[in-house]
A.B. asks: 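Once you've had a glance at the structure underneath, I'll fire off some questions.
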There are 2 protein chains.
Amino acid sequence: MSARVGRSQRKDPSGARAAAPAGPGPGPDKVLSVWTDNQRAEPGAEGPDGARRRATIHDVARLAGVSRQTVSRAVNDKGEIDPATKERVLEAARLLDYRPSRFARGLVQKGAVTAGLVIPDLRNPFFPEVAAGVLEAAEQRGWQVVVWDSRIDEARERQALDVLSHQADAVVGYFKDPDDVLTRHLGGVPLVLLERGPQQTRFAAVGIDAATGVEQGLNHLFRAGHRRIGMLDGVHGPGPRRLAFLEQVRRLGLPVDEDWVAVCPEHSVAGGEAGMERLLAARPEITAVFGFNDLIAVGAMRTARRHGRSVPDDLAVLGFDGLSLGELVEPALTTLHIDKRQLGRLAVEQVARLRAGEEPLRGADAWVVPELVVRSSA
Amino acid sequence: MSARVGRSQRKDPSGARAAAPAGPGPGPDKVLSVWTDNQRAEPGAEGPDGARRRATIHDVARLAGVSRQTVSRAVNDKGEIDPATKERVLEAARLLDYRPSRFARGLVQKGAVTAGLVIPDLRNPFFPEVAAGVLEAAEQRGWQVVVWDSRIDEARERQALDVLSHQADAVVGYFKDPDDVLTRHLGGVPLVLLERGPQQTRFAAVGIDAATGVEQGLNHLFRAGHRRIGMLDGVHGPGPRRLAFLEQVRRLGLPVDEDWVAVCPEHSVAGGEAGMERLLAARPEITAVFGFNDLIAVGAMRTARRHGRSVPDDLAVLGFDGLSLGELVEPALTTLHIDKRQLGRLAVEQVARLRAGEEPLRGADAWVVPELVVRSSA
DNA sequence: CAGGGGTTCGTGAACGTTCACGTGAGCGTT
DNA sequence: AACGCTCACGTGAACGTTCACGAACCCCTG
């Protein structure tokens, strides 16, 4: 039937092949010049004005004088196609600027996985590192990752969720909203929370074992003789790090009350500087300070020095995160190092479990344990 | 058909199914009483045995006793639906863990734009900043961005292109391969190159006006009295920064040959340290050094100090990039600051032009001009 | 000349959703 | 009683691609 039309064209390599599919009919088999494929197509007067409809596989097929399937074979580099035909099809595709629709493709062939990643602040060196871990693990699984920078704005977090719940197969990220709000914006997509303990959420999560880390850090400070230790927190509420700090300080029998903790307005060096100003004003007697993260700790060092206190002699500073930046400042920052890439990899692992219908990792398996790295600042 | 079942169910509230919206008068919403207890804390814990086909809109429609369209209305929060029915449909959707296929959806309603972003190394603070600019501009346009970390591996760059050419509507990123190789892996998707001059590629690009920047920097060094200036380059070939350096040095009438330029094995502090070792060995007489980027410049400072040369007195160091990290090291780094976010935003602007069929920006409009930030190191 | 096997190509039929209609019930107006 | 309107909902028909088939042709072999 219409297969014969294709045949005859193939056997007739004379000119006019790139122009009109319905040949002049030089044979008995001009049975149907109307292709069932493209009935509604109007050859010729395509777009009166610049209505640039994107070319489809049909258009390419018509221009090349073959069927959709042959076009598919050509562009996907499959077998079962004559090299000459393939070249002709490819040429037609180039001419029409054809690009297969990823939607139509994804609809029929499953397997393309897209994960969403929501990061609070790309300018904080901590998060790119986590993202690198996510990206790396995702790449290994053949997934792709669409990234959102929520810029520490909860509204933007929700907005990211709204989009991602439509466009991603799973989401991992940092979110401040409580479970029920997240659920509402999630529309059923699996979610893996970053840095939330199991008791803080019913979603799957990966976290940091702040307690163990802080214990190491405060032991170190204590052994160095410090008895009056303050903290520069990064959040207002009592998060895991502050709770661990308070617990360890009490365990060591050291004095502590609210005054010993100052909250920094933001997770940055400038935030640390500002927080340290307030902490020194409230508790000038401190000999050591524990920072919520390395950025804040570096800020603390700078303020301390500005106040004429040398680090670590007059004031010891302990960070949290283990940014490579800590090696470059002076004095080099003693810190609780976190394997940030591992955190990201773990998150992807959690996503994989969720997708497989398995139970997500809970407890220690979903934790990253900080490691004390002693440098010069404490 | 099941459609009629739906009808009859609607007309017959006493049906055995749990679907029982109140009769004509939609009184107080007494919704399902049978399966309201869906405490499924674990996502994906539904189907014990196999057959894990994802639920479609049909399944939901059948379970709720309505048509596809009504399900669509419910999940998309459209009008023209009875609140009670909507609740019933939503409940059924929840029960089946239904999530609309983004492919089917994208196929029918156009407009979802996905861009690919390929970054060489997320651990270099420069690139997250560029990425933030891309993400920000993309978000404003309602696009999403899938990010790849090529980890400075050209094979991975190509691999990223292979995937992205299938899954993205446009690609922006850093690529080392020449135009023809890129074209081969691109399959027709628009590409915007980061940090390539117009004469270096026929693709659309956004770049850095290295010449103007270096001119400012070397003028500054010259005015400070430096006459023997070396460079720590980051690439082997003569890139824009090295060419600009050589030109400016010659313009100032200073001595220079290959020995005055050392290539760092990698774009990192460690790379800068290593490169500086070699540069000091080859040209111990230098009084100033220009770094390919801030990381390398910081490495140079460290090596210089290790060799007993104080910065800036014995040796001045000039960076390139303007990382915030430069403010934290000691002495603070004098550098040619680049608006990295702007670079990213410009790239998205280029993508938009390409998509609109417009001519991409060329020349100065697609450039970011560095600005000399004088701190302590030079 | 019948038959077999290998190429090369075409034809419905999905895939899961939304869009543009169409329909019937209910209610009020004339 | 006829008409019109609104509400709630259902019905093909796309959207663009790949998959599972099968058909026509070619080159052999017996």
Side-chain angles (χ1 to χ4, degrees), chain A residues 1-11 21 29 31-32 35-41 53-62 64-86 88-89 93 98-112 166, chain B residues 1-11 21 23-26 53-62 64-76 78-86 88-89 98-112 166:
Chain A
M1 312 314 172
S2 63
R4 294 201 54 82
V5 175
R7 271 297 173 207
S8 64
Q9 282 203 349
R10 209 177 107 245
K11 281 161 70 175
D29 43 354
V31 187
L32 27 141
W35 291 55
T36 50
D37 273 1
N38 41 287
Q39 11 210 351
R40 53 161 182 76
R53 186 181 64 94
R54 222 173 88 175
T56 78
I57 202 174
H58 289 93
D59 303 322
V60 179
R62 185 159 18 109
V66 296
S67 72
R68 302 161 316 191
Q69 182 60 16
T70 299
V71 176
S72 178
R73 282 190 263 253
V75 305
N76 291 0
D77 221 48
K78 295 234 177 111
E80 299 197 344
I81 185 174
D82 186 283
T85 332
K86 180 171 174 179
R88 184 158 44 103
V89 169
Y98 166 70
R99 230 167 49 72
S101 151
R102 69 169 184 279
F103 294 116
R105 202 171 243 173
L107 191 55
V108 51
Q109 50 178 208
K110 330 281 187 189
H166 280 28
Chain B
M1 291 187 62
S2 60
R4 290 220 52 80
V5 175
R7 267 300 181 198
S8 65
Q9 279 198 355
R10 208 176 113 246
K11 286 188 187 172
R53 187 181 63 93
R54 222 174 87 174
T56 78
I57 203 174
H58 288 96
D59 303 323
V60 179
R62 193 157 0 114
V66 296
S67 72
R68 302 162 317 193
Q69 183 60 17
T70 300
V71 176
S72 177
R73 281 189 266 254
V75 304
N76 291 4
K78 296 244 178 97
E80 298 198 344
I81 185 175
D82 187 285
T85 341
K86 178 172 175 178
R88 184 159 43 101
V89 169
Y98 165 71
R99 247 156 24 75
S101 151
R102 69 170 183 279
F103 295 116
R105 203 171 242 174
L107 192 55
V108 52
Q109 50 178 205
K110 332 283 187 185
H166 280 28

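Sequence lines set the chain letters: A, B, ... in the order given, protein chains first and strands last, and positions in each chain run from 1. Hydrogens, waters and symmetry mates play no part in the numbers below; they use all other heavy atoms, side chains included.
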A.B. asks: Measuring to OP1 and OP2 of D/dG10, would you say a side-chain N or O of B/T70 lies under 4.0 angstrom away?
C.D. replies: yes
A.B. asks: Could you check if a side-chain atom of A/R73 sits within less than 4.5 angstrom of a side-chain atom of A/V66, using non-hydrogen atoms only?
C.D. replies: no
A.B. asks: Do any of residues 100-108 of chain B sit with a heavy atom less than 4.0 Å from DNA chain C, and if so which?
C.D. replies: B/P100, B/S101, B/A104, B/R105, B/L107, B/V108
A.B. asks: With the criterion being N/O to N/O and under 3.5 Å, what pairs connect the protein with nucleotides 5-7 of chain D, and how long is each?
C.D. replies:
none

A.B. asks: So which one's nearest nucleotide on DNA chain C is more toward 5', B/Q109 or A/R73?
C.D. replies: A/R73
A.B. asks: Does B/K78 place a side-chain N or O at less than 4.0 Å from the phosphate oxygens OP1/OP2 of C/dT18?
C.D. replies: no
A.B. asks: For the pair made of NE2 in A/H58 and C1' in D/dC15, what is the distance, rounded to whole Å?
C.D. replies: 10 Å
A.B. asks: Output yes when at least one side-chain N/O atom of A/K86 is less than 4.0 Å from OP1 or OP2 of C/dT8, else no.
C.D. replies: no
A.B. asks: Please report, rounded to the nearest Å, how far the C1' atom of C/dA13 is from the CD atom of A/Q69.
C.D. replies: 12 Å
A.B. asks: Can you measure B/R68 atom CZ to C/dC19 atom C1' for me and round it to whole angstrom units?
C.D. replies: 11 Å
A.B. asks: Would you tell me if any nitrogen or oxygen in the side chain of A/S72 comes within less than 4.0 Å of OP1 or OP2 on D/dT17?
C.D. replies: no
A.B. asks: Is there a side-chain contact between A/H58 and A/R68, using heavy atoms and a 4.5 Å cut-off?
C.D. replies: yes
A.B. asks: Tell me the interatomic distance from B/R62, atom CZ, to D/dC9, atom P, rounded to whole angstroms.
C.D. replies: 19 Å
A.B. asks: Within less than 4.0 Å of OP1 or OP2 of D/dG16, is there a side-chain N or O belonging to A/T56?
C.D. replies: no
